[in-house]
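Following: one structure in structure tokens, then a few remarks.
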Amino acid sequence: MTSLHTLRRKAVNAVMLSLTGLCTFAAAGTLVFILGYLFVHGAKDLSLDFFTKLPTPVGETGGGMANAIVGSAKLLLIAMLVGVPIGFLGGVYLAEFGGATFSFLVRYVTDLLNGVPSIVIGIFAYTLIVLPQKHFSTIAGGLALGVMMIPIAVRSTEEFLRAVPASLREGAMALGASRTKSILTVVIPAAKNGIMTGIMLNLARVAGETAPLLFTSFSNRFWSPGWEQPTAALPVMIFTYAISPYEDWHQQAWAAGFVLLMLVLSVNIIARLLLAKRKHVAR
Amino acid sequence: MAATSTPLAGSGPSRSARSFIERLRSGDQVAHAITLAAAASILLLTGLLVYELFIHSSETRAKFGWSFLFTQTWDPVADEYGALPFIYGTLVSSALALLIGIPLGVGAAIFLAELAPPKISDALTFLIELLAAVPSVIYGLLGIFVLVPLLRIVEPAIRSVLGWTPLFQGPFYGVSLFSAGVVLSVMIVPFIISISREVIRAVPADQREAALALGATRWEATWDVVIPYAKSGILGSIFLALARSLGETMAVTMVIGNDPKIKASLFAPGYSIAAVIANEFTEATGDIYTSALIELGLVLFGLTIVINALARALVATGNRGGNA
């Protein structure tokens, strides 16, 4: 009897443990599948035209997404100008100056903002800029992405500043530097690489955002000069092309998806490897 | 960490002796003020966000009141707006995502934290966390062109097993609440895995060793001792994943079918809050139409805020338990 019971327990053990292994490989396999599938379907239609030409009208083959690539770059530039200063300074406040109560409030609200769905951030940028101006614009899209960058920028800046050893600050202060001077000349330079990597990761994250752009920067079949006009962006193009009924647009969507994924993943891989290396040195 | 700033705050008696002007000149006050302004602007921005959502949805709030949340009609032509089909679609697709994602995610987290050798575990976790960085429009792309055709093939098998329940009846076109749930589950698994793995790892080794010493098998030690110990942290990761999936827009929009009706069948097309905003916002002509969509945004905002707050509270208690 006992041996049968033990046998059953051992069998349960073996089955359940193998199942957990299976779960893991299913999850990790998804990434391999996504990469492989996009490579097979996206890379083959990728040519120089994709990066240099405008989209062609329906039915005409060829053409590219040069305007969407430039549009995405412009949107990211505005996003960085909005998100990084506020996020960085906010992070410096939390790490170096903050008092207990106000810091708690700032952290709490930052987390809250981080949890706001991206489509709601889009509505915010719409009511703030598009509605009063009565037209879609690159600025509005950039602002939406910038607001999305703030929470992560705050938390990563704070984290990397806190990781700077206290002895460095104390050394600077002991030499007679003021608090600000020690932060500017010792603490921030020591945390610089981490903070820059954090910003890269942050940019990669918003680079793939589609929802907040749909009704802020909208879309554009042509070049978008300046900052006041609607602009195409790579993720929005993928969306419109994917849900369109045209076969050659689907092909373009795959190519664009491949480019976007490669961009986002390579930034992520490089940043994560850099951070991992830094951590080992620091500890 | 607090200790790092304490010695600086009272750094020497000279600090209090220096005049205000001197301190101003050294820049400390200025730097404090600038960074404080940045921190305060985050509070203002978030406040402004809530205010804007509130103000710009005033028309429908005045016209429909609370009934907006409980009525099913969504008819832009007649200017009749009810949010229920979208709330239903959002909740059902997310519930489905959790149903698939929780066993998968927690299972994988157990494997990565308890069984896999550290190097392999780190490598696999690296891969899985990269999944979280894949843009949602890419998931949508794969959803339309890979998952939906695949589900059309698998559908008869599902129907033959579960077809007797009302959940799997009616025609299946491919785009459906079910497809949305499956795509969402793939998207939330990385979140569940990476947080749960940390939480399970933080369970003290003596808990496991005590169970094993009493003759428990590896699985029994994990399931009956480690998991209960890490319960609130794992629950927190699940709530975080839920908040993500409630607000997820692109992937859902591309596979859910975009039909504002409440049907019992998961095979029927549905609609979610985020999806209807994404699809109809630029087409919304009348003021009331736009106002209705913005009120939907407000509802979504409220929903995710509550779930996020719960998640954070749970992860926080989980960590405290883990460190004790």
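Just so it is clear, the structure is predicted and the values come from calculations on it, not from any experiment.
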Whether A/T30 side chain and A/A26 backbone form a donor-acceptor pair below 3.5 Å: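 Yes, A/T30 side chain to A/A26 backbone: donor-acceptor pair under 3.5 Å.
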Is chain B contacted by the side chain of [X], its backbone, both, or neither, given a heavy-atom distance below 4.5 Å?
X      : value
A/F124 : side chain
A/Y108 : side chain
A/L260 : side chain
A/Y241 : neither

Euclidean distance, A/M148 CE relative to A/L143 CG, rounded to 0.5 Å: 12.0 Å
Portion of [X] that has a non-hydrogen atom of chain A nearer than 4.5 angstrom:
X      : value
B/I277 : both
B/I128 : side chain
B/E129 : both
B/T125 : neither
B/F145 : both
B/I307 : neither
B/L45  : both
B/A243 : neither
B/L115 : side chain
B/T249 : side chain
B/H56  : side chain
B/I144 : side chain
B/L104 : both

Sidechain N-carboxylate O distance under 4.0 Å for A/D111, A/R155: yes
B/R244/B/E248 salt bridge by N-O under 4.0 Å criterion: no
Flag if over 12 foreign heavy atoms under 6.0 Å of CH2, A/W249: yes
Centroid separation A/Y126 to B/F281 less than 6.0 Å: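 Between A/Y126 and B/F281, the centre distance is under 6.0 Å.
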Residues from residues 98-107 of chain A approaching chain B under 4.5 Å (heavy atoms): A/F102, A/L105, A/V106
Option that, when pairs with chain B are counted at under 4.5 Å, heavy atom only, ranks first among A/I243, A/V154, A/I269, A/L201: A/I269
Do you know which of [options] has the most heavy-atom pairs under 4.5 Å to chain A?
options                        : answer
B/A133, B/P190, B/A108, B/P135 : B/A108
B/V186, B/L246, B/L48, B/I34   : B/L48
B/L293, B/T253, B/T282, B/L141 : B/L141
B/N308, B/L130, B/L124, B/I138 : B/L130

Residue of the set A/I150, A/L113, A/V116, A/T110 for which side-chain contact (heavy atoms from CB on, under 4.5 Å) holds with B/T46: A/L113
